[in-house]
Enquirer: 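This structure is in structure tokens; I'll ask about it shortly.
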Number of protein chains: 2
Amino acid sequence: MESVLPPSPPLAEIDPRVTQLVNELIGRVADKWTMLILEELTEGGTMRFSAIGRAVPGISQKMLTQTLRQMERDGLLTRTVHPVIPPRVDYRLTDLGLGLAEAFCGVWQWAETHLDRIEASRRDFDQRA
Amino acid sequence: MESVLPPSPPLAEIDPRVTQLVNELIGRVADKWTMLILEELTEGGTMRFSAIGRAVPGISQKMLTQTLRQMERDGLLTRTVHPVIPPRVDYRLTDLGLGLAEAFCGVWQWAETHLDRIEASRRDFDQRA
DNA sequence: CCGCATCCGATCAGATACTG
DNA sequence: CAGTATCTGATCGGATGCGG
């Protein structure tokens, strides 16, 4: 199997700096919290800060804020502050964010599908060791 | 757009522990080095330890060993030790590993495609701040 | 050649306390 | 409600040195 990865010019011809950037990008975008938030917002449409916090299992307020900021910075979502008291801030995925969610769909399904097999493999490995 | 993510039962019905596991799995599998190694082995077929090290830009020997071990533990690749002197160890993706690479293909392409847009978004954001 | 063990600085992430 | 600021333990990751 050859061209499973990208349109795939031979690897040697890919500019290492692009690889670097793509990789860094994926590294952050594939981040634990980013993925969960992405998932919630895909389902939920527009959501408030606290709603996302409640929807994402064990996230701390700090990580929620931080991750949302990064996603906003990357253009994955919009942040709308309503000047009311008490404050209300809405988050909503952009087209870019929705596209990313879609791209991740394959990985998510893969993980879900092969989870058992992987856990089995781990038990096996740990036993032999 | 509703069911971009999985076969998608309403989120409330997903077992949180499965979410947890899938997430953890993705977190590690989407790891910087794991992805690069996955890519190299997809292209290269069977490769020696040192060959992978050379192919992956800035990886340290420690991280290479560590990442390869984790991938082996997860059943993503096989590790074959040839009892010769000097030692020779071959690594090769399993079907599981190849499947993962394929699943990541979409994300990779997405990242490559939208890299410019994201960088622009970041410059924008940083300027306003 | 392949890999393990150790040390150490850097970064991450939770808990807590405080503000408009 | 939606943050910011600070402290602290945990983890990551590179560098170095040694061993089969």
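Chain naming here is simple, since letters A, B, ... match the order of the sequence lines and numbering starts at 1 in each.
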Enquirer: Under 4.0 Å: is that the gap between some side-chain N or O of B:Y91 and OP1 or OP2 of C:dC2?
Expert: no

Enquirer: Can you tell me the distance, in whole Å, between the CD1 atom of A:I59 and the P atom of C:dA13?
Expert: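 Answer to the nearest Å: 10 Å.
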
Enquirer: Which nucleotide in the set D:dG14, C:dG14, D:dG20 lies at the smallest distance from any side-chain heavy atom of B:P87?
Expert: D:dG20

Enquirer: Side-chain N or O of B:R48 less than 4.0 angstrom from OP1 or OP2 on C:dC2?
Expert: yes

Enquirer: Once rounded to the nearest 0.5 Å, what's the spacing between atom CE of A:M47 and atom CD1 of A:I37?
Expert: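 The CD1 atom of A:I37 is 10.0 Å from CE of A:M47, to the nearest 0.5 Å.
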
Enquirer: Of all the choices, D:dT4, C:dG3, D:dG14, which nucleotide is nearest to the side chain of B:W33 once you look at every atom?
Expert: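 Shortest atom-to-atom distance from the side chain points to D:dG14.
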
Enquirer: Where the side chain of B:T65 is defined as all heavy atoms beyond and including C-beta, which of C:dA15, D:dT4, C:dG3 is the nearest nucleotide?
Expert: C:dG3

Enquirer: In whole Å, I'd like the distance from the CG atom of A:L64 to the P atom of D:dG3.
Expert: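 Going from A:L64 (CG) to D:dG3 (P), I get 8 Å.
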
Enquirer: In whole Å, I'd like the distance from the NZ atom of A:K62 to the P atom of D:dC7.
Expert: 12 Å

Enquirer: Using whole Å, report how far NE2 of B:H82 lies from C1' of D:dG20.
Expert: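 So the two atoms are 17 Å apart, to the nearest Å.
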
Enquirer: Check every atom of C:dC1, D:dG13, C:dG20 against the side chain of B:M63 and return the nucleotide holding the closest atom.
Expert: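 Of C:dC1, D:dG13, C:dG20, D:dG13 is nearest to the side chain of B:M63.
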
Enquirer: Any donor-acceptor pair under 3.5 Å linking the side chain of B:T34 with the backbone of B:A30?
Expert: no

Enquirer: If you go through the side-chain atoms of B:Q61, does one of them form a donor-acceptor pair with the base of D:dG14 closer than 3.5 Å?
Expert: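 Such a pair does not exist between side chain and base.
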
Enquirer: Taking the basic N atoms (NZ, or NE/NH1/NH2) and the acidic carboxylate oxygens, is any pair closer than 4.0 Å for B:R128 and B:D126?
Expert: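 Looking at B:R128 and B:D126, the cut-off is not met.
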
Enquirer: What's the spacing between A:I59 CD1 and A:T65 OG1 if we round to 0.5 Å?
Expert: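 Rounded to the nearest 0.5 Å, the CD1-OG1 separation comes out at 8.5 Å.
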
Enquirer: Tell me the interatomic distance from B:D90, atom CG, to C:dC1, atom P, rounded to whole angstroms.
Expert: 14 Å

Enquirer: Charged N to carboxylate O below 4.0 Å: is that the case for B:R88 and B:D90?
Expert: yes

Enquirer: Considering only side-chain heavy atoms of B:V89, which listed nucleotide, C:dC7, C:dG3, C:dG20, is closest?
Expert: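 It is C:dG3.
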
Enquirer: Would you say a side-chain N or O of B:R88 is under 4.0 Å from OP1 or OP2 of D:dG20?
Expert: no

Enquirer: Quick check on C:dC2: is either OP1 or OP2 less than 4.0 Å from any side-chain nitrogen or oxygen of B:S50?
Expert: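 The answer is yes; a side-chain N or O of B:S50 sits under 4.0 Å from OP1 or OP2.
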
Enquirer: Please confirm whether the shortest side-chain N or O distance from A:R79 to OP1 or OP2 of D:dA2 is below 4.0 Å.
Expert: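 No, A:R79 has no side-chain N/O under 4.0 Å of OP1/OP2 on D:dA2.
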
